[in-house]
Protein chains: 2
Amino acid sequence: MEEGRADRVFRALADSTRRDIVLRTLEAEHSVSALARDYPMSFAAVQKHVAVLEEAGLVTKRRRGREQLVRGDVDTVRRAARLLDALEAVWRGRAERMSEILAEPDGGTP
Amino acid sequence: MEEGRADRVFRALADSTRRDIVLRTLEAEHSVSALARDYPMSFAAVQKHVAVLEEAGLVTKRRRGREQLVRGDVDTVRRAARLLDALEAVWRGRAERMSEILAEPDGGTP
DNA sequence: CAGACCTACAACCATACGGTTGTATATGCG
DNA sequence: CGCATATACAACCGTATGGTTGTAGGTCTG
């Protein structure tokens, strides 16, 4: 994942309304107004949330008549998950090194 | 992961400096000033970043003499990764349902 | 065509964020 | 003790964010 892109993805995920939109649109397509009906805020606010998600690549939109269908993009979710996996792997590296150190408390590699 | 906690975790990860700090402190402990030396910003700025990470539970601190050692918390990273995995699983659920639909184009369950 | 519906977008507002500088406090060291 | 180091914290500043309302443009339908 490119530098600034990760920023946008995590930023977009840092809001429960947006996470819920991603959830719902990964299950099935929903129009913006269909999404908006379920949140205690204006249509325009939800529209902005969708725009943030689209900007981050977490959802895509396609036209159907007068409505815009929003669909979650699982690839972006996966890329974010892999980035976190990479952090976890780094930690495991430390754990390994610590194990080695503990396993050979006598010093260098002869 | 609790509601507001996920917000904080993803928000904290939405900054490359902070992600780098998490990376480095998952590899090994570093004092705040040791971390600060490698970023093009003031010590206070880095200190704030560490505070954000600590608030999110992505790092912990422990005193050693006059310095504060920062250590990455892999559990929080894992919890965030699992949340993304759950989203992916939801998508897979849709994919399954779509497969079922495509596999039985003749109608309901008789 | 007229009206309802869905979306887009601008303007505005309060608050949060990322950065700065400056000041205060604690610890290690000669 | 006296000084340098390491951290903490407050005040300040410009900009982004999340929300609002209002206006305008497509699109379906009677």
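Numbers restart at 1 for each chain; the letters A, B, ... are given by sequence-line order, proteins then strands.
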Under 4.0 Å, heavy atoms only, any strand: does [X] hit a base, just the sugar-phosphate, or nothing?
X	result
A:Gln68	sugar-phosphate
A:Glu67	sugar-phosphate
B:Arg64	nothing
B:Ala44	base
A:Ser42	base

[X] [atom1] - [N] [atom2] separation (whole Å):
X	N	atom1	atom2	answer
B:Leu35	D:dA8	CG	P	12 Å
B:Phe10	D:dT17	CZ	P	18 Å
A:Tyr39	D:dG18	OH	P	15 Å
B:Arg37	D:dA6	CZ	C1'	10 Å
A:Leu53	D:dT17	CG	C1'	14 Å
A:Met41	D:dT20	CE	P	7 Å
A:Gln47	C:dA10	CD	C1'	12 Å
A:His30	C:dC6	NE2	C1'	17 Å

Looking at the side chain of [X], which of [options] is the nearest nucleotide?
X	options	result
B:Phe43	D:dT7, C:dA8, D:dT20	D:dT7
B:Asp15	C:dG18, C:dA4, D:dA6	C:dG18
B:Ser31	D:dT27, C:dT20, D:dT7	D:dT7

Do A:His30 and A:Leu69 have side chains that approach each other closer than 4.5 Å (heavy atoms only, starting at C-beta)? no
Within the structure provided, determine whether B:Asp7 and A:Arg19 are in side-chain contact (heavy-atom separation under 4.5 Å). yes
Heavy-atom nearest nucleotide on DNA chain D for A:Arg63 versus B:Val32: which residue maps closer to 5'? B:Val32
For the atom pair CG (B:Asp73) and CG (B:Leu26), what is the distance rounded to the nearest 0.5 Å?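 Reported to 0.5 Å precision, the distance equals 8.5 Å.
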In terms of side-chain geometry, is the basic nitrogen of B:Arg82 or B:Asp85 positioned less than 4.0 Å from the acidic oxygen of its partner?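 No.
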May I ask you to decide whether A:Arg11 forms a salt bridge with B:Asp15, counting only side-chain N to carboxylate O separations under 4.0 Å? no
Below 4.0 Å: OP1/OP2 of [N] and any side-chain N or O of [X]:
X	N	value
A:Lys48	C:dA11	no
B:His49	C:dC17	no
A:Arg18	D:dG18	yes

Report the residue (A:Ser33 or B:Arg11) whose heavy-atom-nearest nucleotide on DNA chain C is the more 5′ of the two. A:Ser33
Test salt bridge (charged side-chain N to carboxylate O under 4.0 Å, His left out) on B:Glu27 and A:Arg94; report intermediate values, then the result. CA-CA 5 Å; B:Glu27 282 177 339; A:Arg94 168 177 81 174; over 6 Å; no
